[in-house]
Amino acid sequence: MLQLSFVRENKQRVIDRLAVKNFDAAALVDDILSIDKQRRNIQKTLDDTLSAANLMAKEIGRLFKSGQREDAEQKRQESTQLKQKTKELEHKLNELVSAMNEKLVELPNIPHESVPPGNSDKDNELIFEAGEMPILPESALPHWDLAIKYGIIDFDLGSKVTGAGFPFYRGQGARLQRALINFFLDEAIKRGYLEYQPPLLVNEDSGYGTGQLPDKEGQMYFVGEDKLYLIPTAEVPITNIYRNVILKEDDLPVKNVAYSSCFRREAGSYGKEVRGLNRLHQFDKVEIVQIAHPAESYNILEEMKDQVADLLRKLELPFRIVKLCGGDISFTSALTYDFEVYSAAQKRWLEVSSVSNFESFQANRMKLRFKNKEGKTQLAHTLNGSALALPRVVAALLENNQKEDGIYIPEALRTYTGFGKIVK
RNA sequence: GGAGAGGUGGCAGAGUGGUCGAAUGCGGCGGUCUUGAAAACCGUUGAUCUUCACGGAUCCGGGGGUUCGAAUCCCUCCCUCUCCGCCA
């Protein structure tokens with residue numbers, strides 16, 4: 001969420017910038033500021049009252065000690081009244097604080113200056129395109145048919161054992177998954193990331209910290225018995241490592257990478273959009289997370305963008321990068337690049353990565369700070385990106401590299417798979 | 001799952017109803033001394049809110065309560081450790 005002090009000092013700017021996200025913030029901001037004003041008034045009165053009560057309590061202690069029972073007794077009566085007053089003030093203050101927080105979390109993050117206006121993915125700005133578009137014969141199969149032909153992914157078996165969207169990977173298909181995970185992790189480690197293996201279940205505080213809760217509650221699987229959520233991305237546990245943490249400036253940037261399975265309920269999705277590997281309830285992803293100095297975060301975003309592009313190049317997949325427009329960018333993000341690979345048999349672009357700078361939006365929510373050179377604590381910036389999500393990469397690899405005699409594995413991956421092509 | 005112990009500042013560790021935001025040690029930072037370093041000595045060293053500032057308020061695992069007054073008493077939740085049981 002945005003910092004209250006920022007909203008207070010930059011009211012018009014907040015409203016203007018959020019208009020780019022097609023978000024009319026005027027009324028909300030007014031509400032917040034008016035509640036804030038009341039809050040500060042009450043806070044002041046309460047502080048003064050408490051201060052008086054504290055002084056009196058000390059005085060009473062002194063009187064009792066020196067044996068002045070009568071004076072003490074009288075003060076004690078007075079103090080009881082003060083007590084009543086503080087109770088009322090506290091109650092009122094709590095109401096105002098929670099009302100304000102409720103409103104404050106409804107404000108989206110402010111988009112970066114370079115974010116183009118727009119309403120949907122059609123208005124996203126294409127900023128890069130690379131790789132050769134494969135030309136496939138008419139007989140080319142979409143990946144869900146290739147999966148059956150080569151016996152490498154079994155969707156029906158997944159439906160039987162669990163449900164739709166939970167495929168089994170089998171033989172060379174399973175091997176390919178493992179190869180991709182190791183490849184992605186190794187590439188990140190080469191770039192100085194520290195590898196983590198996070199828990200796949202997180203508590204409520206963590207869900208709140210990265211912004212999945214409260215608004216996207218329905219997207220996560222929930223284990224009610226233990227009040228735990230299955231993670232929709234490793235971003236959640238990895239970023240929450242730093243919840244309520246004050247780092248040293250020298251620790252920045254923090255670079256973490258994690259492979260994890262990801263679980264998403266995807267309620268309301270259906271049709272050919274979700275066919276095969278296009279959208280799953282459980283999938284694998286390698287996620288990169290950085291915690292950065294505010295002055296550096298946009299350089300780091302570019303660096304992460306190049307990193308993801310490099311992976312796609314090594315996988316020899318045609319891809320493009322789009323900068324999300326105001327209408328398509330997420331609630332929490334200030335600037336997002338989406339990466340899409342071309343899946344030649346479906347003739348579709350599939351999103352395989354999303355790299356974002358959240359600036360201090362997540363950090364403020366989870367109190368992730370660092371102590372700067374002047375000794376002041378300051379919110380850090382958080383960034384993350386998929387590097388990469390597996391299923392759609394696999395879809396494109398299978399479709400684009402299919403030949404008469406099998407499906408060819410790109411050179412960079414062969415040391416990981418141990419085979420050069422997938423055969424029947 | 002059963003029984004017990006415990007959660008205090010960056011760390012270790014005192015404190016069991018009143019000058020305790022918290023002794024002491026270590027670590028960190030600054031200084032004295034030194035050609036330099038070490039040692040020694042002196043000083044300093046948490047966070048949040050609020051105020052132009054002085055100052056004030058809050059925080060001893062989280063939440064609630066008792067009391068004029070709570071780190072200290074009560075309730076509740078969470079977590080850690082030890083023993084037993086179970087187990088990849």
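A, B, ... follow the sequence lines: proteins, then strands. Residue 1 opens every chain. Computed over heavy atoms, backbone and side chain alike; hydrogens, waters and symmetry mates excluded.
Taking atom CZ on R243(A) and atom C1' on G61(B), their separation rounds to 13 Å, with Å as the unit. Distance, D251(A) CG to G10(B) P: 15 Å, rounded to whole Å. Between the P atom of U45(B) and the NZ atom of K376(A) lies a distance of 15 Å, rounded to the nearest Å. Distance CG (L89(A)) to C1' (U58(B)): 15 Å, rounded to an integer number of Å. Atom CD of E73(A) is separated from atom P of G69(B) by 13 Å (rounded to the nearest Å). In this structure, CG of N244(A) is placed 12 Å from P of G10(B), rounded to the nearest angstrom. Summarising the geometry, the separation between CG on L228(A) and P on C79(B) is reported as 9 Å, rounded to the nearest angstrom. Between the P atom of U58(B) and the CD atom of E90(A) lies a distance of 9 Å, rounded to the nearest Å.
Taking the P atom of each, A57(B) and U19(B) are spaced 14 Å apart, rounded to whole Å. Rounded to a whole angstrom, the distance from the C1' atom of A12(B) to that of G28(B) is 15 Å. One C1' atom belongs to G7(B), the other to C60(B), and the distance between them is 10 Å to the nearest Å. Between U8(B) and G61(B), the distance separating the two P atoms is 6 Å to the nearest Å. If you take atom P in C29(B) and the same atom in U82(B), they sit 34 Å apart, rounded to whole Å. Comparing the C1' positions of C78(B) and G21(B) gives an interatomic distance of 24 Å, to the nearest angstrom. Comparing A22(B) with C75(B), their C1' atoms are spaced 25 Å from each other, to the whole Å. Only the P atoms considered, A23(B) is 12 Å distant from U44(B), to the nearest whole Å.
Contact annotation: the side chain of K21(A) approaches that of I329(A) to within less than 4.5 Å [non-hydrogen atoms, C-beta and beyond]. With contacts defined as side-chain heavy-atom distances shorter than 4.5 Å, the pair V289(A)/Y196(A) does not qualify.
With no hydrogens or angles considered, a side-chain donor-acceptor pair links Y229(A) and E217(A) at under 3.5 Å. Side-chain polar atoms of R243(A) and S206(A) form a donor-acceptor pair below 3.5 angstrom. Q378(A) and N372(A) share a donor-acceptor pair across their side chains, judged by distance under 3.5 Å alone. T210(A) and Q362(A) form no side-chain donor-acceptor contact under 3.5 Å, judged by distance and modelled atom types alone.
Nucleotide C60(B) forms no Watson-Crick or G-U wobble pair with any nucleotide shown, as no partner meets the under 3.5 Å limit on both distances.
Of the residues near RNA chain B, K58(A) and A53(A), the one whose nearest nucleotide (by heavy atom distance) lies more toward the 5' end is K58(A). Comparing D36(A) and L46(A) along RNA chain B, the residue whose closest nucleotide (by nearest heavy atom) sits nearer the 5' end is D36(A).
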Distances under 3.5 Å between nitrogen or oxygen atoms of protein and nucleotides 46-49 of chain B:
unit_1: A47(B); atom_1: OP1; unit_2: K371(A); atom_2: NZ; d: 3.1
unit_1: A47(B); atom_1: O3'; unit_2: R369(A); atom_2: NH1; d: 3.4
unit_1: U48(B); atom_1: OP1; unit_2: R369(A); atom_2: NH1; d: 3.1
unit_1: U48(B); atom_1: OP1; unit_2: T377(A); atom_2: OG1; d: 2.6

Problem set entry | Working for ring pair (Phe, Tyr, Trp, His ring centres under 6.0 Å), residues H381(A) and F361(A) | CA-CA 8 Å; H381(A) 281 192; F361(A) 195 81; over 10 Å; no
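Between K83(A) and G69(B), a side-chain N or O to OP1/OP2 separation shorter than 4.0 Å is present.
Of the candidates G69(B), G18(B), A57(B), the closest approach to any side-chain atom of F64(A) belongs to G18(B). The nucleotide whose nearest atom lies closest to any side-chain atom of K87(A) is, among G56(B), U66(B), C68(B), U66(B).
N54(A) comes within 4.0 angstrom of sugar-phosphate atoms only, judged by non-hydrogen atoms across all strands, and of no base. Residue-level contact check: I60(A) touches the bases, meaning some heavy atom is under 4.0 Å from a base atom.
Remark: the backbone N or O of G151(A) is paired with a side-chain donor or acceptor of R170(A) at under 3.5 angstrom.
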